[in-house]
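Given the structure is predicted, the values throughout are model-derived calculations rather than measurements.
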Amino acid sequence: MTITGPDARTGAPGQAVVDAAMLVLERMGLTPADLLAAPAARPPAPTFAEYTPVVSALVSDGCRRAYGSYWNRVVDQWGSRRIDEPTPSEIRQLVQQIRANVVPRRNSRGGRSAAEHLIAALRCLYRHAEEDGLIDPAGNPARKVEKPRRLPSTRRAVADKRLAEINHAAATTGDDPELDTLLLRLHTETACRRGGALALRPQDLDREQCLILLREKGETVRWQPVSPTLMAALLGHAADRHAPPDGQLLRYRNGRRITYRRYDHLWERLGRYLPWVRAQQISMHWIRHTTLTWVERNFGYAVAKAYAGHTDTGSDTGATATYVRATTHEVAAALAALTGEPHPLATQEGW
């Protein structure tokens, strides 16, 4: 016998079954469209111990340095937990715990920086989890935890007399005055960050135009003018300490690459000879403030912005900054005035 009609297909529901299903949906306040829009079941989320190394391998070296110790704290506390388990309240409790146990320093502000970095580290981890489809954006607990308000920086420009004292102490103490004075001159002329100095390679030096290629945080890259004196010192340092063309330029006498620890040792030593350096917690970033303040006072905001290597994103100066962006020639003119040395790219032309 052959069956014909609407129920002839194998497994096809009859009209009565469809009507009954629609009635159930109606009583539940749902529509067939709601069923289609329902998210598919996600696989179980990984634990912090499983997922943190994945994120750590994806981020930049700078991000890993900034967040690595905080990710380690999270793994120590929640390593066996799935990343979708902690609540915003639990994250706030962990923040308070870390703030309470932070190592006190002279420039400590009650653990605010540690709290800010922990929240930023968790937001970074959860952002990758969102992109990997492991959690729903609405269920991201780190988004719901506020960062502590950042207080104004205590850093400022160092007076000329004090800067001379720093350079004199660096040149007359320590096990490698040549390296330390080169570091100070490099940061004073270029206002670069430590990461930019450590990333510098011999192949990044343009001897003819007295330019160096700085690669700094946020993957920013720029050609920065330097004086002929500094260019000669950098070339001589690379040759004397056998830096390979594509390797790190700044090195110890034995050819070993320097790290951030060299900066720490330098300022710790300077603090022993100059008590005000220790009291105010002066660091190489103060030298950046010093140079950029001088450039802004003498050459204006646009040149100082270019000198610092700041981008237009996230600026509070408005769209005008895009149209008045300073050129490398203008930065070179500011450097020439700062160092008192002519620069190949400096121009005397006015507007």
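At most 12 non-hydrogen atoms from other residues, nucleotides or ligands lie less than 6.0 angstrom from CZ of R207. At most 12 heavy atoms of other shown residues, nucleotides or ligands fall within 6.0 angstrom of atom NZ in K217. Around the CG atom of D246, the shell of radius 6.0 Å holds more than 12 heavy atoms that belong to other residues, nucleotides or ligands. Within 6.0 Å of CD in E131 there are more than 12 heavy atoms belonging to other residues, nucleotides or ligands.
Cluster annotation: I287 and W294 are assigned to distinct hydrophobic clusters (Ile/Leu/Val/Met/Phe/Trp/Tyr, side-chain heavy-atom contacts under 4.5 Å, transitive). Under the 4.5 Å side-chain heavy-atom criterion for grouping Ile, Leu, Val, Met, Phe, Trp and Tyr, W223 is not connected to L249 through any hydrophobic cluster. Linking ILVMFWY residues whenever their side-chain heavy atoms come closer than 4.5 Å, directly or via other members, places V221 and L211 in the same cluster. Note on L184: it does not cluster hydrophobically with Y307, by side-chain heavy-atom contacts below 4.5 Å among ILVMFWY residues. L183 and L235 fall within the same hydrophobic cluster, defined by Ile, Leu, Val, Met, Phe, Trp and Tyr side-chain heavy atoms under 4.5 Å apart, directly or through other members.
Atom NE2 of H168 sits about 9.0 Å away from atom OG1 of T173, to the nearest 0.5 Å. Considering CZ of R123 and CG of L118, their distance stands at 11.0 Å, rounded to 0.5 Å. How far CG of D84 is from CG of N140: 11.5 Å, rounded to the nearest 0.5 Å. Of the inter-residue distances, the one linking H187 atom NE2 with R193 atom CZ reads 11.5 Å to the nearest 0.5 angstrom. The structure places NE2 of H285 at 10.5 Å from OG1 of T290, a figure rounded to the nearest 0.5 Å. Taking NZ of K305 as the start and NE2 of H310 as the end, the distance is 8.5 Å to the nearest 0.5 Å.
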*asked:* Quick one, R262 with D175, criterion salt bridge (charged side-chain N to carboxylate O under 4.0 Å, His left out). Give me CA distance, side-chain angles, the key distance, then yes/no.
replied: CA-CA 11 Å; R262 185 65 193 184; D175 59 356; 3.1 Å; yes
* To do: Please step through side-chain contact (heavy atoms from CB on, under 4.5 Å) for the pair E90 and R81, ending with a clear verdict.
  => CA-CA 12 Å; E90 288 180 297; R81 299 184 67 182; 3.0 Å; yes
Take Y260 and R194, measure what side-chain contact (heavy atoms from CB on, under 4.5 Å) needs, and give me the verdict at the end. CA-CA 7 Å; Y260 288 95; R194 295 184 304 172; 3.3 Å; yes
Should I258 and L179 be marked as a side-chain contact (heavy atoms from CB on, under 4.5 Å) after you check the CA-CA gap, both sets of side-chain angles, and the distance that decides it? CA-CA 10 Å; I258 72 167; L179 172 62; 3.8 Å; yes
Step-by-step side-chain contact (heavy atoms from CB on, under 4.5 Å) determination, H128 to V59: CA-CA 10 Å; H128 281 84; V59 300; 4.0 Å; yes
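Under the 3.5 Å distance criterion, the side-chain polar atoms of D204 are left unmatched by any main-chain donor or acceptor of L200. Under the 3.5 Å distance criterion, the side-chain polar atoms of R201 are left unmatched by any main-chain donor or acceptor of P245. Formation of a donor-acceptor pair under 3.5 Å by the R215 side chain with backbone atoms of A199 is found in this model. Between the side chain of Y51 and the backbone N or O of A129, at least one donor-acceptor pair lies under 3.5 Å. With hydrogens and angles disregarded, a donor-acceptor distance shorter than 3.5 Å links the side chain of H237 to the backbone of R251.
Taking 4.5 Å as the limit, every side-chain heavy atom of P275 sits out of range of all side-chain heavy atoms of R278. Contact annotation: the side chain of V145 never approaches that of L122 to less than 4.5 Å [non-hydrogen atoms, C-beta and beyond]. Contact check for T87 versus P141: no side-chain heavy atoms found under the 4.5 Å cut-off. The shortest distance between side-chain heavy atoms of I83 and L134 falls below 4.5 Å. Taking 4.5 Å as the limit, some side-chain heavy atom of L250 sits within range of a side-chain heavy atom of L182. In this structure, the side chains of T259 and L198 stay at 4.5 Å or more apart for every pair of heavy atoms. Contact annotation: the side chain of E178 approaches that of R241 to within less than 4.5 Å [non-hydrogen atoms, C-beta and beyond]. The shortest distance between side-chain heavy atoms of M231 and I212 falls below 4.5 Å.
Between Y67 and H117, the ring planes are perpendicular. Angles over 60° get that label, and only those under 30° would be called parallel.
Across R257 and Y252, no two heavy atoms sit closer than the pair O-CE1, 3.7 Å. In terms of heavy atoms, E189 sits closest to L230 at OE1-CD2, 3.4 Å. Closest non-hydrogen pair, M284 versus W267, comes out as N-NE1, 3.3 Å. Contact detail for P53 and E50: the closest heavy-atom pair is CD-O, 3.6 Å. Residues R64 and S56 approach most closely at NE-O, 2.8 Å, considering heavy atoms. Residues A142 and Y126 approach most closely at CB-CD1, 3.8 Å, considering heavy atoms.
W276 and E165 share a donor-acceptor pair across their side chains, judged by distance under 3.5 Å alone. Side-chain contact of R185 with S227: a donor-acceptor pair under 3.5 Å is present, judged by distance alone. There is no side-chain donor-acceptor pair under 3.5 Å between Q97 and R73.
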